[in-house]
Amino acid sequence: MTTIEQMLSDWMRDAFQRTLPEITEGWGTVAVVVTTSAEFGDYQCNQSMGFAKLLKRNPRQIAEAVIKHAAPLEAMAKLEIAGPGFINITLNQEWLASRVDEAGRDLHCGTPQIGAGKTVILDYSSPNVAKPMHIGHIRSTVIGNALDRLHRFLGYRVISDNHLGDWGTQFGIMIMGYRHYADPVALEAEPVEELERVYVKSYERSKQDETWLSQARQELVKLQTGDPDNRRLWQQFVELSLKEFGHIYKRLDVTFDLVRGESYYNDRLAGVVQTLLDQGLARESDGALVAFLDDEKLPPCIVKKTDGGFNYATTDLATIQSRISEFNPSKIVYVTDERQQNHFRQVFAVARKLGCKTHLEHVWFGLMRLPEGTFSTRQGNVIKLEKYLDEAEARALAVVKESSPEMPEARQKDIARAAGIGAVKYTDLSQNPQSLVTFTWEKALALDGNSAPYLQYAYARIASVQDKYRDLYPKTDLETYPIRLGEPIERVLAIMILRFPETVLRATESYKPSVLADYLYELASAYSTFYQNVPFIKAPEGVRESRVRLCTVVAKILRQGLNLLGIETPDRI
RNA sequence: GCGCCUGUAGCCUAAUGGACAAGGCAUCUGACUUCGGAUCAGAAGAUUACAGGUUCGACUCCUGUCAGGCGCGCCA
């Protein structure tokens, strides 16, 4: 299966090549794109202007010649030239209807399986052990998970890996804090909260108390050299943290294929540094071992500290090495906040010097802030993720109770959960990840307008149309009626349906789930117009069945699309 | 100081170098004795931070300025 955009682009390129044989290169730029406005048809090609410049010819004449040379195409209803030389394509009505029919039957709604046979590793979420997840973790988790689902949908073999921060120097401080300050009762009730509390307390003390600090360092060394007591403590921190993270991942419907913390790669660190030394890629500088990079703009990358310890760059290099040898991926994708851009540029540069051929991609997103400034533990304005999700569900529940007071409470809660969590996810997925985000409750948990509940609502209404139809016509086989696109809005819907595959591809290739979210909103919006203005159950036979079938395909796309974003689609809302 | 990123109606956000800059919130008008009103139809709201440049064509690319964010060898 190929997308319409792809098919039309190939066809158009062929027409251009026959028209302008004197041009020998640059054919890759010939492409057909969705029109900017419906008045220009369905798809457009802007290439005439580009070649006109090159050949010093009139772009409209080129466009006319191209149309003459174009091979006949079943899908085509109309080819027109407009403005300075745009070639506008209008698709054939019957052909559209048959493609909608096909998309409705296809397992992937017509999306090509471009990932078949390829492996991709997705590294996202990655919270630190012994610290509760806060609102800053939501973006990596939600965006990473959407990319995860998108890749799987395209046929990739995906290995999602939660690369926990479980091996830093903070564990010396942590162990000291735990031994001296931990409250067994609090530890029982809210383990990770308590771990964070004792960590902060121990950290504060280490800043004033030299003895404390050096004891912490010793505890760290003991841990890293395998001291059984410290090892057991550390193990406990990890387990407690994982248990609590697990609750959140369950609420967010996020699962990982691997949960390997930094500690997993500990044994490989020395080897990585040795390789760098052997290959002359790292050398001693101010007592540390440093890899210098060719790019002037990148600072050198420290791979071994003066105290002999390794740092996160070393770990990431070892991780890459390990992942490649174990999984042989075609790419590795990291989803983190913007602050790590330099770090990954460094690591990728060193990895390539070491001969890494795997495509390495850092997908970064803007930090979340408050209107009054940054989140910080010290100011105590950090919002815990658990609380954020609770608030989202509570707000949604209030709306459900208002609009469906007769509904059983358990049901109300289910819907509130789907809508609340959906809203939270949609907030992060519907905008360009790289923009700066200023957090407000009102914005993050909006339930109207361009939001998850709007899409869920559209879906639920379709589900109810289908139910109603089955009640009224239990014996009719819908499939025996053809899809017909009579009303303009039906045609709009058909075109929207057929754009799903190319949208999924673009969202994945640009690592922007927002591209898909945008599309789904437009689709739901078109559907709402259709729903509100065109009768279907009440339409005459034939038209009625065609419209119900169209609804079914829209429902399928909405469901699939929202699923790719990790957003539930309840049948009632 | 250097580097990376961001600047689009009152607010929040769209727009693979293409046609008149697209939506949502808030505001104002309309639409339920008819398939679900968390909806729909419509109105109003913009010198795309500023100044240059490249281009047939710039929110988009280049240069400079201003404002904000983030980062700048031994924390991850």
Side-chain angles (χ1 to χ4, degrees), chain A residues 5 31 33-37 39-40 44 46 49-50 52-53 59 82-86 88 126 128 165-170 262 285-292 296-313 315-316 336-343 345-346 364 366-367 369 374 396 399-400 402-404 419 427 430-432 434-438 440 442-443 446-451 453-454 456-458 460-461 463-465 468-469 472 506 509-510 514-515 517-518 521-522 525 528-539 544 547-548 551 572-573:
Chain A
E5 206 171 65
V33 295
V34 170
T35 50
T36 48
S37 163
E39 64 179 299
F40 304 133
Q44 66 181 71
N46 311 326
M49 281 85 81
K53 163 90 178 163
F86 297 108
N88 292 338
S126 309
N128 286 326
D166 69 348
W167 203 241
T169 47
Q170 74 268 27
E262 291 161 346
S285 166
D286 293 333
L289 286 178
V290 178
F292 288 89
E296 293 292 325
K297 287 175 185 171
L298 283 179
C301 179
I302 292 180
V303 293
K304 189 174 184 182
K305 302 186 285 184
T306 38
D307 67 4
F310 303 106
N311 62 4
Y312 67 126
T315 309
D316 277 341
T336 81
D337 73 55
E338 59 184 322
R339 291 175 300 185
Q340 304 206 27
Q341 287 177 81
N342 260 340
H343 164 67
R345 275 188 205 140
Q346 290 176 313
W364 59 268
L367 274 182
R369 313 164 40 73
T374 49
V399 175
V400 176
E402 171 90 28
S403 63
S404 313
T427 295
S430 63
Q431 62 179 317
N432 183 341
Q434 304 189 342
S435 58
L436 235 64
V437 176
T438 303
T440 62
E442 193 182 299
K443 181 171 49 144
L447 303 172
D448 55 0
N450 186 354
S451 69
Y454 176 89
Q456 291 168 320
Y457 181 69
R461 287 206 297 195
S464 114
V465 165
K468 187 140 291 176
Y469 183 85
L472 292 171
R506 194 171 309 126
E509 282 163 359
S510 62
S514 59
V515 170
D518 232 41
Y521 178 69
E522 242 183 280
S525 192
S528 295
T529 298
F530 171 63
Y531 179 87
Q532 204 85 14
N533 298 306
V534 178
F536 25 97
I537 297 289
K538 288 172 185 159
R544 177 175 63 222
R547 287 184 180 159
V548 172
C551 282
R572 296 285 178 277
I573 186 165

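Computed from heavy atoms alone, side chains included, the values below leave out hydrogens, waters and symmetry copies. A, B, ... follow the sequence lines: proteins, then strands. Residue 1 opens every chain.
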Backbone of A:E338 reached by a side-chain donor or acceptor of A:Q341 within 3.5 Å: yes
Cut-off 3.5 Å, side chains only: do A:S451 and A:Y521 have a donor facing an acceptor? no
Euclidean distance for C1', B:rC61 against B:rA9 (whole angstrom): 26 Å
Pick the P atom in B:rU60 and in B:rU54, then give their distance to the nearest Å. 15 Å
Answer with yes or no whether A:T306 presents, from its side chain, a donor or acceptor under 3.5 Å of a partner atom in the base of B:rC74. yes
Provide the distance between the two P atoms, one in B:rG30 and one in B:rA44, to the nearest whole Å. 16 Å
Taking the side chain of A:D518 as its heavy atoms from C-beta onward, which of B:rC56, B:rA14, B:rA19 lies nearest to it? B:rA14
With C1' as the reference atom in both, quote the distance from B:rA19 to B:rA58 in angstrom, rounded to an integer. 14 Å
Taking the side chain of A:R339 as heavy atoms from C-beta outward, which of B:rA41, B:rG37, B:rC70 is closest to it? B:rC70
Using the ring of A:Y531 (Phe, Tyr or Trp, six-membered ring only), decide whether A:R461 places NZ or CZ under 6.0 Å from its centre and within 45 degrees of its axis. yes
Nearest-angstrom distance from the residue atom CD of A:Q532 to C1' of B:rC40: 4 Å
Just call it for A:V34: base, sugar-phosphate, or nothing, with non-hydrogen atoms closer than 4.0 Å on any strand. nothing
Nearest-angstrom distance, P atom, B:rG68 to B:rU29: 40 Å
Any base atoms under 4.0 Å from A:N342, or only sugar-phosphate, or nothing? Heavy atoms, all strands. sugar-phosphate
Under 3.5 Å donor-acceptor, A:T440 side chain and A:K443 backbone: yes
Centroid distance below 5.5 Å plus an interplanar angle below 30 degrees: do A:Y454 and B:rA38 meet both conditions? no
Is A:T315 reaching over with its side chain to a backbone N or O of A:N311, donor-acceptor style, under 3.5 angstrom? yes
Please state how far atom OH in A:Y469 lies from atom P in B:rG36, giving the value in whole angstrom units. 16 Å
Below the 4.0 Å mark, does B:rG37 have OP1 or OP2 next to a side-chain nitrogen or oxygen of A:R461? yes
Taking only N and O in the side chain of A:S464, is any of them less than 4.0 Å away from OP1 or OP2 of B:rG36? yes
How would you label the contact of A:L298 with the nucleic acid (heavy atoms, under 4.0 Å): base, sugar-phosphate, or nothing? nothing
Let me know, please, whether A:W167 or A:T438 comes out on the 5' side of the other along RNA chain B by nearest nucleotide. A:T438
If only side-chain N and O atoms of A:K443 are considered, is one of them under 4.0 Å from the OP1 or OP2 phosphate oxygen of B:rG24? no
If we only count heavy atoms from C-beta on, is the A:W364 to A:R339 side-chain gap below 4.5 Å? no
Across the strands shown, which category fits A:D166 at heavy-atom distances under 4.0 angstrom: base, sugar-phosphate, nothing? nothing
Is the base of B:rC35 stacked against the aromatic ring of A:F536, taking ring centres under 5.5 Å apart and planes under 30° as the test? yes
Among the nucleotides B:rA19, B:rA41, B:rA38, which one has an atom lying closest to any side-chain atom of A:N88? B:rA19
When we call it a touch if two heavy atoms are under 4.0 Å apart, what does A:A82 touch: a base, just sugar-phosphate, or nothing? base
Heavy atoms from C-beta onward define the side chain here; which of B:rG23, B:rG18, B:rC70 lies closest to that of A:Y521? B:rG23
Which nucleotide in the set B:rG18, B:rC5, B:rU39 lies at the smallest distance from any side-chain heavy atom of A:W364? B:rC5
Looking at B:rA19, does its base get a donor-acceptor pair with the side chain of A:Q44 below 3.5 Å? yes
Shortest non-hydrogen contact from A:S528 to A:A458? OG-CB, 4.5 Å
B:rA38 to B:rC20 separation - P atoms, rounded to the nearest Å: 39 Å
So which heavy atom on A:I573 is nearest to which on A:Q456, and how close? CD1-CB, 3.6 Å
Suppose we call a contact any N or O donor and acceptor under 3.5 Å apart; does that hold for the side chain of A:Q431 and the base of B:rU13? no
Rounded to whole Å, the CD1-P distance (A:I573 to B:rA38) equals 10 Å
Against the side chain of A:S435, the closest entry in B:rC40, B:rC74, B:rA14 is B:rA14
Applying a 4.0 Å non-hydrogen cut-off, can you work out what A:A539 is touching in the nucleic acid: base, sugar-phosphate, or nothing? nothing
Is any side-chain N or O of A:E39 under 3.5 Å from a base N or O of B:rC20, one able to act as donor and the other as acceptor? yes
Between C1' on B:rG57 and CG on A:N46, what's the gap in Å once rounded to a whole number? 10 Å
How close or far is atom C1' of B:rA31 from atom CG of A:N533, stated in whole angstroms? 10 Å
Please report the distance separating the C1' of B:rC70 from the corresponding atom of B:rG36, rounded so that it comes out in whole Å. 47 Å
Given B:rC74, B:rA41, B:rU39, which nucleotide is nearest the side-chain atoms of A:K305? B:rC74
Are any of the side-chain heavy atoms of A:N46 and A:F86 separated by less than 4.5 Å? yes
Looking only at side-chain atoms of A:M49, point me to the closest of B:rA38, B:rG18, B:rG69. B:rG18
Within-4.5 Å side-chain heavy-atom neighbours: A:M49 and A:P59: yes
Measure the distance from CD on A:Q434 to C1' on B:rU8 and round it to the nearest whole Å. 17 Å
With no hydrogens and no angle check, is any side-chain donor or acceptor of A:Q346 less than 3.5 Å from a backbone partner on A:A313? no
Nearest heavy-atom contact between A:G449 and A:Y454 is O-CB, 3.1 Å
Using atom CD of A:Q341 as one end and atom C1' of B:rC4 as the other, report the distance to the nearest whole Å. 6 Å
Looking across every strand, which nucleic acid part, if any, lies under 4.0 Å from A:P299 by heavy atom: base, sugar-phosphate, or nothing? nothing
For B:rC12, take OP1 and OP2 only and decide whether either is under 4.0 Å from a side-chain N or O of A:T440. no
For B:rA21 and B:rG64, measure between their C1' atoms and round to the nearest Å. 26 Å
Which part of the nucleic acid, if any, lies within contact of A:V399, taking any heavy atom under 4.0 Å across all strands shown: a base, the sugar-phosphate backbone alone, or nothing? base
Select one nucleotide: of B:rC70, B:rC56, B:rC75, the one nearest the side-chain heavy atoms of A:L367. B:rC70
Between the base of B:rA26 and the side chain of A:D448, is one N or O donor paired with an acceptor at under 3.5 angstrom? no
Base, sugar-phosphate or nothing for A:R506? Non-hydrogen atoms, less than 4.0 Å. nothing
Describe the nucleic acid contact of A:D307 in one word from base, sugar-phosphate, nothing, applying a heavy-atom distance below 4.0 Å. nothing
At under 4.0 Å between heavy atoms, what does A:D337 touch on the DNA or RNA strands: base, sugar-phosphate, or nothing? nothing
Phosphate oxygens OP1/OP2 of B:rA19: is one of them under 4.0 Å from a side-chain N or O of A:T36? yes
Students often get this wrong, so: under 4.0 angstrom with heavy atoms, is A:S285 touching a base, only sugar-phosphate, or nothing? base
Whichever of A:F530 and A:P453 has the more 5' nearest nucleotide on RNA chain B, that residue is A:F530
Here the helical stems involving RNA chain B, each at least 3 consecutive Watson-Crick or G-U pairs closer than 3.5 Å, sorted by first residue number, are B:1-7 with B:66-72, B:10-13 with B:22-25, B:27-31 with B:39-43, B:49-53 with B:61-65
